[in-house]
There are 2 protein chains.
Amino acid sequence: MSDRSGRTRRRGDDLINAIHTAVLEEVVEVGVGRLTMDGIGKRAATPRSTLYRRWSDPVEVLLDALYHAHPVEEPTPGADDLRGDLIRALKLMVTWTLSPAGRAVAAILTDPLSATKMSEALQERVFAHRGGTFTSTVLRHYAERGAFPAGRLTPVVADIGEALVVKRLLDGMPPSDSDLIDFVDQAILPALGLSAPSSDSDRADAATPRPPA
Amino acid sequence: MSDRSGRTRRRGDDLINAIHTAVLEEVVEVGVGRLTMDGIGKRAATPRSTLYRRWSDPVEVLLDALYHAHPVEEPTPGADDLRGDLIRALKLMVTWTLSPAGRAVAAILTDPLSATKMSEALQERVFAHRGGTFTSTVLRHYAERGAFPAGRLTPVVADIGEALVVKRLLDGMPPSDSDLIDFVDQAILPALGLSAPSSDSDRADAATPRPPA
DNA sequence: AACATAAGCTACAGTCGTGTATCTAATGCT
DNA sequence: AGCATTAGATACACGACTGTAGCTTATGTT
């Protein structure tokens with residue numbers, strides 16, 4: 001119902017999707033500050049008038065695109081495998097962050113003039129569904145099951161994984177899978193009072209909780 | 001040597017400093033993408049011609065300003081106080097990050113078109129002096145003194161503090177002093193195999209690291 | 001088949017930033 | 001005091017983006 005062949009003119013959702021895709025591409029390429037109706041229109045192969053019929057300026061188009069972007073998969077803690085689930089959660093995050101929508105969010109968050117406009121609704125939709133909730137979904141799950149002392153699950157600890165991912169992205173070097181494993185083994189698990197499975201320097205017996213002093 | 005009174009016309013370093021200040025202010029206000037020679041010129045109260053005599057485009061002005069910005073204080077590990085020094089290092093980082101230069105660096109790092117241009121020289125000058133070296137200076141110092149197992153000081157662990165700070169800044173909530181204490185107690189020290197001074201809250205009486213098991 | 005809707009096309013005046021080119025006059029040096 | 005520099009003040013043509021407006025015509029509906 002959206003790609004019947006002989007058509008020469010897009011309408012409704014068809015058109016809007018094309019425009020959404022275009023803004024996302026555009027913002028990744030030129031940044032929020034250089035977004036223009038012209039650029040978006042050219043990329044979507046639609047005249048500016050069509051854009052102005054719906055949105056008042058480029059940032060509005062972008063915000064709308066973000067609002068309609070598919071939310072990321074949520075990490076679903078499954079088996080009895082905290083470490084594995086954490087790694088999977090971070091992997092999800094990296095995947096999303098590297099997607100057009102993820103990059104666009106990063107762009108808008110760091111733009112002084114548009115960061116303001118993205119308040120309320122979007123903040124919620126964009127962040128509630130993924131913002132900082134990649135690892136914390138997992139962590140809460142295992143905290144309830146007593147896999148580690150519940151008191152250890154502070155806001156700071158819930159942020160460690162995401163923070164490390166974000167820092168690497170900012171440094172221009174997206175974390176590889178083995179980086180993610182290191183994040184979990186060397187930062188998150190120790191903060192929970194657990195130790196990593198086994199490694200050369202850090203010879204721990206198993207994934208046994210080691211209570212602090 | 002730079003503000004003799006009766007003068008009506010700035011020259012040399014005087015002028016250049018004014019321009020540097022102007023770009024930094026401008027970029028914080030409008031973002032890298034909307035930087036213009038016009039805007040910089042107006043803010044510095046200098047005609048565009050003067051700008052073009054020295055730089056070819058707004059981003060060059062910005063890069064030059066960053067290059068000449070005062071580098072941050074380096075954290076100097078002093079007494080035998082790992083925890084205190086870590087907190088101080090993070091405090092230094094936050095201070096710098098909130099300064100015009102810090103904000104400008106953040107802006108340029110996240111701009112798709114200018115991130116490329118800032119390679120080489122600036123990368124080194126800007127990052128060598130602070131990039132990720134706030135806590136790691138401290139950490140290396142204490143690792144050599146055997147305050148914790150040297151093998152614990154991995155690149156990941158050296159990043160934890162900075163990562164958490166960066167994440168909070170991105171979230172629009174610059175970390176308070178007590179946040180920084182939490183970062184150290186709940187994330188960095190555990191990753192080193194150490195535990196925070198007093199467990200329940202943060203009674204910062206004994207700033208002495210306590211070895212684990 | 002006729003109609004309402006909305007996309008596509010084109011044109012326009014207006015604004016803003018760009019580079020460049022003059023000209024002037026303030027400043028620092030000798 | 002005289003001179004070389006170089007900031008400051010225009011002015012200019014050019015291009016990019018902006019909103020808006022008017023027209024044509026594809027599309028889905030009835």
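A note on names: the letters A, B, ... follow the listed sequences, proteins ahead of strands, and every chain is numbered from 1.
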Which part of the nucleic acid, if any, lies within contact of B:Arg34, taking any heavy atom under 4.0 Å across all strands shown: a base, the sugar-phosphate backbone alone, or nothing?
nothing

Side chain B:Arg48 and base C:dG17 donor-acceptor under 3.5 Å
no

Write down the distance between NZ (B:Lys42) and C1' (D:dA9), rounded to a whole number of angstrom.
14 Å

Counting only side-chain N and O atoms of B:Ser49, is one of them less than 4.0 Å from OP1 or OP2 of D:dG8?
no

Please check: side-chain N/O of B:Thr46 versus main-chain N/O of B:Lys42, any donor-acceptor pairing under 3.5 Å?
no

Rounded to whole angstroms, how far apart are CZ on A:Arg9 and C1' on C:dA7?
5 Å

Electrostatic pair A:Arg88:A:Asp85 at N-O distance under 4.0 angstrom
yes

B:Tyr52 (side chain) donor-acceptor with B:Asp57 (main chain) under 3.5 angstrom
no

Earlier contact from the 5' end, DNA chain D, for A:Met37 and B:Thr46:
B:Thr46

Rounded to the nearest angstrom, tell me the gap between atom CD1 in B:Ile40 and atom P in C:dG17.
11 Å

Quick one: is B:Arg54 getting a side-chain N or O under 4.0 Å of the D:dT6 phosphate, OP1 or OP2?
no

Between A:Leu51 (CG) and D:dC17 (C1'), how many Å, whole number?
13 Å

Could you tell me how far apart B:Tyr52 (OH) and C:dG17 (C1') are, to the nearest whole angstrom?
7 Å

Can you tell me if B:Arg10 touches the phosphate of D:dG8, counting only side-chain N or O atoms and a distance under 4.0 Å to OP1 or OP2?
yes

Kindly say whether, by distance alone, the side chain of B:Arg53 makes a donor-acceptor pair under 3.5 Å with the base of D:dT6?
no

B:Trp55 atom CH2 is separated from C:dT18 atom C1', nearest whole Å, by 17 Å

Suppose we call a contact any N or O donor and acceptor under 3.5 Å apart; does that hold for the side chain of A:Arg11 and the base of C:dG8?
no

Can you tell me which nucleotide in D:dA9, D:dC17, D:dA7 comes closest to the side chain of B:Thr50?
D:dA7

Between A:Asp185 and A:Arg83, does any side-chain N to carboxylate O distance fall below 4.0 Å?
yes

What's the closest nucleotide to the side chain of A:Pro47 if the choices are C:dT10, C:dA6, D:dG8?
C:dT10

Quick one: are A:Leu180 and A:Val165 in side-chain contact, heavy atoms under 4.5 Å?
yes

Taking the side chain of A:Thr8 as heavy atoms from C-beta outward, which of D:dG8, D:dT27, C:dG8 is closest to it?
D:dT27

By nearest atom, which of the nucleotides C:dT20, D:dC17, D:dG8 is closest to the A:Asp38 side chain?
D:dC17

Nearest whole Å is fine: how far is C:dG8 P from A:Asp14 CG?
10 Å

